[in-house]
*Asks:* 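Below are the structure tokens for one structure; questions will follow.
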Amino acid sequence: MEQLPQPKLRTSTDIQGNILAAFNKDFMDFRYLHFPDAAKGRGWLSAILNTVATTSETEDFNEQFSVARRAFGRDPGITVVRCGVSLTFEGLTTVAKDPAQVRSDLEKPFPSFVAGAAARAADLGDTGDSDPKQWLFGAGTGDQVVHAVLIVAADTDELLQEKLKNLDAVEAANQVVRVHVDEGRTLTGALKGHEHFGYKDGISQPGVKDFHRENPDQPGFRDVHPGTELIEAGEFVFGQKSEAGDRTAPRWMANGSLQVVRRLRQDVAGWNAAVVEGATKFTGTMDPTRLGGCLVGRFKDGTPLAPPNGTVTGVGSDRNDFDYSNDPAGEHTPWVAHIRRTHPRVFAGIGDGHPKSHRLMRRGIPYGVQFPGGADDDGVDRGLMFVCYGTSLEEQFELVQRFWANSDTFPPGKPNGPTPAPNGFDKVIGLAGEASIGLADGTHGTVDMPRFVRTTGALYAFTPSISTLRLLAGGEDLPNTPVGS
Ligand code: HEM
């Protein structure tokens, strides 16, 4: 059979793994590290450089894995460990040869990155019990300032532990301070592939031009993934063309990406009880399963509430072949639903005309043991290590969290809203308060829920290309002529 040429970014050995090609591992540790000085930071970077995964090798493995799974009908016994490294603004200015240049390269175009997640907390709703004062990382001072985030991802716990032992030695040799560690672990049994509230996660992701193949029968969409739009690669990786031409960056950022890490603790007992209680406040046909589905936009097995948009048809619970154009009033997928708030599809351009400039490449994984069930909170710390990549914090993660999830009047000029009340907040990640729902069968009501997700750590970091990591590790000049568009 004739082999089609690979899309150009698919074979990149410069873009780190996990940005375009997901690590997709069951065991993922996050180490938040502080360098005592420039020389030791560079020493640590030099020592880990060879273990940092590339896009090409990450995707090769993923393809091999899917082929083997199709052939044997179960997960094949192939295993690997992968590393990814990112640097915060403080980390970059610690190791860079010319910190003043890095500051002036970043200050104007990347204000949120330079300020850091803790400084952005008030605008993003990280207040009350999500206040940075209580964070486990991301708001420390002195030797608790995080310089690097190291992700170590493995298919088995043995592989992970073996790798961590080597990394311990590299940290010790360079007197690197470990500020905090998070252990991301996929859930098991019936909850495999689900997050702690019980909903299937990791379904809808942007398709990326020049990385994913286009469907020959439906230009603009990813092949074999009905409903997955192809987005310009510059939305996720610097140096490439972006959707609105607003993503230029200094050359040393080319093939790199901005990373958001948020440690989001989930109160599962609280959520379960609120959904049961909330369902009793509705007029019409409502039960906890339906209400939970309305708040997420998908039922627990992933099945979307949205009817297909008629042009393509997906199959199974992972269906993604909808764009809400047939549901302007939110009578199938309410406007408060988490997946509609964070990706309103055809309604995304309301207010700015750039519908494709606000997508996130999500790479999260749960942490903490599964909730055992029952009505009472067991006090165990569990939640989601939310990770996403993109080329603008302001237009992507922050816009989604601040102006979509945390705004009770989103979307502005709501088309034919189901009830006279404002839509309310995203009840998964938004502020405490009301969410109103009015469905096509006449069922309607309002839920008033506190927050069951709180932020317990957060960081903004930059995931450099392998070639820029090498320049940083060698204490060399960083070329800064503008690239991308
Ligand atoms: C503990 C916190 C969170 C939980 C429990 C959660 C849960 C979920 C679930 C169950 C889905 C549907 C599965 C899928 O399409 O992949 C989803 C999708 C999504 N979530 Fe979250 N999420 C959380 C945090 C966040 C945050 C902080 C953001 C961004 C600010 C976010 C943005 C998204 C986006 C963009 C989608 C895809 C929507 C689509 O394309 O249809 N999530 N989330």
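Index from 1, following the sequence. Worth knowing before you read on, the calculation uses all heavy atoms, side chains too, and leaves out hydrogens, waters and symmetry mates. Counting starts at 1 for both ligands and their atoms, in listed order.
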*Asks:* With backbone taken as N, CA, C and O and side chain as the heavy atoms from C-beta onward, which portion of R262 lies under 4.0 Å from ligand 1: side chain, backbone, both, or neither?
*Replies:* neither
*Asks:* Below a 4.0 angstrom heavy-atom separation, can you tell me which part of H338, side chain or backbone, both or neither, approaches ligand 1?
*Replies:* side chain
*Asks:* Of the side chain and backbone of V428, name the one, both, or neither that has a heavy atom under 4.0 Å from an atom of ligand 1.
*Replies:*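 The answer is the side chain.
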*Asks:* Please work out, at 4.0 Å between heavy atoms, whether the side chain, the backbone, both, or neither of L360 comes within that distance of ligand 1.
*Replies:*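 Side chain only.
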*Asks:* Short list, please: which atoms of ligand 1 are under 4.0 Å from a heavy atom of F397?
*Replies:*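 Answer, ordered by atom number: 30 (C).
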*Asks:* Could you tell me whether F386 and ligand 1 have an N or O pair separated by under 3.5 Å?
*Replies:* no
*Asks:* Under 3.5 Å between any N/O of H343 and any N/O of ligand 1: does that happen in this structure?
*Replies:* yes
*Asks:* Backbone, side chain, both or neither: what part of Q266 comes under 4.0 angstrom of ligand 1, heavy atoms only?
*Replies:*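 For Q266, only side-chain atoms sit under 4.0 Å from ligand 1.
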*Asks:* What heavy-atom pair brings R454 and D129 nearest, and what distance separates the two atoms?
*Replies:*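 Smallest interatomic distance, heavy atoms only, reads NE-O, 3.1 Å.
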*Asks:* Mark yes or no for whether R363, through its side chain, and N18, through its backbone, hold a donor-acceptor pair below 3.5 Å.
*Replies:* yes
*Asks:* For ligand 1, is any non-hydrogen atom under 4.0 Å from I429's backbone (N, CA, C, O), its side chain (CB onward), both, or neither?
*Replies:* side chain
*Asks:* Please report the shortest heavy-atom distance between G278 and V447, naming the atom on each side.
*Replies:* CA-CG1, 3.7 Å
*Asks:* Atom CG in L295, atom CZ in F452: separation rounded to 0.5 Å?
*Replies:*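 Between L295 CG and F452 CZ, I get 10.5 Å after rounding to 0.5 Å.
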*Asks:* May I ask which of R454, Q401, E195 has a heavy atom nearer to atom 27 (C) of ligand 1 than the others do?
*Replies:*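 The residue whose heavy atom sits nearest atom 27 (C) of ligand 1 is Q401.
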*Asks:* I'd like to know if the side chain of T456 pairs up with that of R265 as donor and acceptor (distance under 3.5 Å, no hydrogens or angles considered).
*Replies:* no
*Asks:* As a check for students: among D201, T342, D426, identify the option with a heavy atom nearest to atom 35 (C) of ligand 1.
*Replies:*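 Nearest option to atom 35 (C) of ligand 1, by heavy atoms: T342.
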*Asks:* Under a 4.5 Å cut-off applied to non-hydrogen side-chain atoms, are F236 and I15 in contact?
*Replies:* no
*Asks:* Indicate, as side chain, backbone, both or neither, the part of H196 found under 4.0 angstrom from ligand 1 when only non-hydrogen atoms are considered.
*Replies:* neither
*Asks:* Drop me the distance from D157's CG to L164's CG, to the nearest 0.5 angstrom.
*Replies:*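 Those atoms lie 8.5 Å apart.
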*Asks:* So which of R362, Q205, R263, H194 gets nearest to atom 18 (C) of ligand 1, if we judge by its closest heavy atom?
*Replies:*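 Result: the heavy atom closest to atom 18 (C) of ligand 1 is in R362.
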*Asks:* Working to the nearest 0.5 Å, report the span between CD of E398 and CZ of F403.
*Replies:* 8.5 Å
*Asks:* Distance under 6.0 Å and angle within 45° of the ring axis: does R263 meet both against F386?
*Replies:*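 Not flagged: R263 not positioned over aromatic ring of F386.
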*Asks:* Can you figure out which of G193, G364, A337, S204 has its heavy atom closest to atom 40 (O) of ligand 1?
*Replies:*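 It is S204 that holds the nearest heavy atom.
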*Asks:* Select the closest option to atom 16 (O) of ligand 1 among I203, T455, L399, judged by heavy-atom distance.
*Replies:* I203
